[in-house]
Visitor: 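My questions all concern the structure below.
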Amino acid sequence: RQVNEIAERAPDAKPAASTPADADLKTLRGKVHATIEKVTGDIRRFSFNTGISAVMELTNAGGQLLAASEGPLYGDAAAILREYAEVAVILLNPYAPHITEELWEILGGDGLACDQPWPKADPEALVKETITLVVQVNGKLRARLDVPPDMPREELKALAQREKNVL
């Protein structure tokens with residue numbers, strides 16, 4: 001259903017080449033490229049069920065963004081959703097070749113999905129601006145803090161100590 005909707009609402013869109021400024025689109029693009037990395041590694045390790053699970057999580061994220069938008073898709077939204085759809089189809093192709101070939105055709109892809117180059121994760125899209133720091137005291141969760149990944153240890157400690165549940 002999502003592939004049909006993307007094909008109808010963004011028929012001429014090209015996949016994104018860079019990460020957009022919009023937070024939701026940036027998050028989806030990061031998820032697309034993290035999924036590429038995960039599925040590629042899972043196939044190499046013969047962990048097929050976790051690869052399929054990663055693509056399912058990606059389709060949930062893409063579906064939420066698609067549902068939140070209305071009307072025709074333009075610009076960054078069209079490019080990111082197009083990239084998401086194409087990558088999801090290609091990543092699923094080794095697991096479900098018949099249906100993904102149909103989906104590839106609906107998307108208007110050239111040739112066969114199985115003949116497309118395997119997607120490569122964009123390192124720029126994988127960079128996280130914040131990480132979640134879990135603060136525990138005596139093994140009990142006391143706080144979750146979203147902080148920049150390069151925050152100095154002293155600042156992290158001071159920030160954690162300011163949390164009311166920590167002390």
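Owing to the predicted nature of the structure, the values given are computational and were not obtained by experimental measurement. Note that these values count all heavy atoms, side chains included, but never hydrogens, waters or copies made by symmetry.
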Visitor: Checking L159 against L145 for the side-chain contact (heavy atoms from CB on, under 4.5 Å) test, could you report, in this order, the C-alpha distance in whole Å, the side-chain angles of both residues, the deciding distance, and whether it holds?
Guide: CA-CA 8 Å; L159 186 64; L145 307 172; 4.1 Å; yes

Visitor: Working to the nearest 0.5 angstrom, can you tell me the gap between I52 CD1 and E57 CD?
Guide: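 One finds 12.5 Å between CD1 of I52 and CD of E57.
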
Visitor: Here's a test for you: under side chain to side chain contact (heavy atoms under 4.5 Å, CB included), which of V39, V89, N60 qualifies with V55?
Guide: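 Exactly one candidate clears the test, V39.
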
Visitor: Keeping the roles fixed (side chain from Q116, backbone from D110), state whether a donor-acceptor pair exists under 3.5 Å.
Guide: yes

Visitor: Can D76 and D22 be said to form a side-chain contact (heavy atoms from CB on, under 4.5 Å), step by step?
Guide: CA-CA 8 Å; D76 287 342; D22 180 77; 6.0 Å; no

Visitor: For Q136, I'd like to know if atom CD has over 12 heavy atoms of other residues, nucleotides or ligands within 6.0 Å.
Guide: yes

Visitor: Going through the checks in order, is the salt bridge (Lys or Arg N to Asp or Glu O under 4.0 Å) test met by R29 and E83?
Guide: CA-CA 8 Å; R29 187 155 196 271; E83 178 183 35; 3.0 Å; yes

Visitor: Atom CG of L25 and atom CG of L81: how far apart are they, to the nearest 0.5 Å?
Guide: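 Answer rounded to 0.5 Å: 7.0 Å.
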
Visitor: Heavy atoms, side chains only, cut-off 4.5 Å: are R144 and L133 in contact?
Guide: no

Visitor: Quick one: closest heavy-atom pair of T35 and K31, and the distance?
Guide: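 Looking at all heavy atoms of both residues, the shortest contact is OG1-O, 2.7 Å.
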
Visitor: Short question: side chain of S69, backbone of L66 - any donor-acceptor pair under 3.5 Å?
Guide: yes

Visitor: Is there a path of hydrophobic side-chain contacts, each under 4.5 Å between heavy atoms, that joins L126 and I80?
Guide: no

Visitor: With rounding to the nearest 0.5 Å, note down the distance linking CD in E86 to NZ in K14.
Guide: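 Here the interatomic distance stands at 8.5 Å.
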
Visitor: Whether the side chain of Q2 engages the backbone of T59 through a donor-acceptor N/O pair (distance < 3.5 Å, no angle test) should be reported.
Guide: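 Yes; judged by distance alone, with no hydrogens or angles, the pair exists.
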
Visitor: Side chains of E129 and P148: closer than 4.5 Å at any heavy-atom pair?
Guide: no

Visitor: Would you say that V87 contacts H33 through its side chain, given a criterion of any heavy-atom pair below 4.5 Å between the two side chains?
Guide: no

Visitor: Under a 4.5 Å side-chain heavy-atom rule over Ile, Leu, Val, Met, Phe, Trp and Tyr, are F46 and I43 clustered together?
Guide: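 F46 clusters together with I43.
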
Visitor: If you count every heavy atom of other residues, nucleotides or ligands that lies below 6.0 Å from N138 atom CG, does the total exceed 12?
Guide: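 No, the 6.0 Å shell around CG holds no more than 12 heavy atoms from other groups.
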
Visitor: Could you measure the distance from the CZ atom of R153 to the NZ atom of K157? Nearest 0.5 Å is fine.
Guide: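 Rounded to the nearest 0.5 Å, the CZ-NZ separation comes to 7.5 Å.
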
Visitor: Set out, in order, the CA-CA distance, both residues' side-chain angles and the distance that settles salt bridge (Lys or Arg N to Asp or Glu O under 4.0 Å) for K38 and D42, then state yes or no.
Guide: CA-CA 6 Å; K38 169 104 174 94; D42 287 347; 2.9 Å; yes

Visitor: Mark yes or no for whether R45, through its side chain, and G41, through its backbone, hold a donor-acceptor pair below 3.5 Å.
Guide: yes

Visitor: Would you say the side-chain atoms of R82 pair up with the backbone N or O of L107, donor to acceptor, closer than 3.5 Å?
Guide: yes

Visitor: Using a cut-off of 6.0 Å, state whether more than 12 heavy atoms not belonging to M56 lie near its atom CE.
Guide: no

Visitor: CG/L65 to CG/D24 distance, rounded to the nearest 0.5 angstrom?
Guide: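 Result: 6.0 Å between the selected atoms.
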
Visitor: Could you give the distance from OG1 (T40) to CG (L91), rounded to the nearest 0.5 Å?
Guide: 6.5 Å

Visitor: Only one of L112, I90, N93 clears side chain to side chain contact (heavy atoms under 4.5 Å, CB included) with W104; which?
Guide: I90

Visitor: Any side-chain heavy atom of I6 sitting closer than 4.5 Å to one from Y84?
Guide: yes

Visitor: Kindly indicate whether the side chain of L58, heavy atoms from C-beta on, has any atom under 4.5 Å from the side chain of L28.
Guide: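 Sidechains of L28 and L58: in contact.
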
Visitor: Consider only side-chain heavy atoms of I, L, V, M, F, W and Y, link residues closer than 4.5 Å, and tell whether V3 and I99 are in one cluster.
Guide: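 Same cluster: V3 reaches I99 through Ile, Leu, Val, Met, Phe, Trp or Tyr contacts under 4.5 Å.
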
Visitor: Taking the side chain as every heavy atom from C-beta outward, state whether F48 and S53 have any pair of such atoms under 4.5 Å apart.
Guide: no

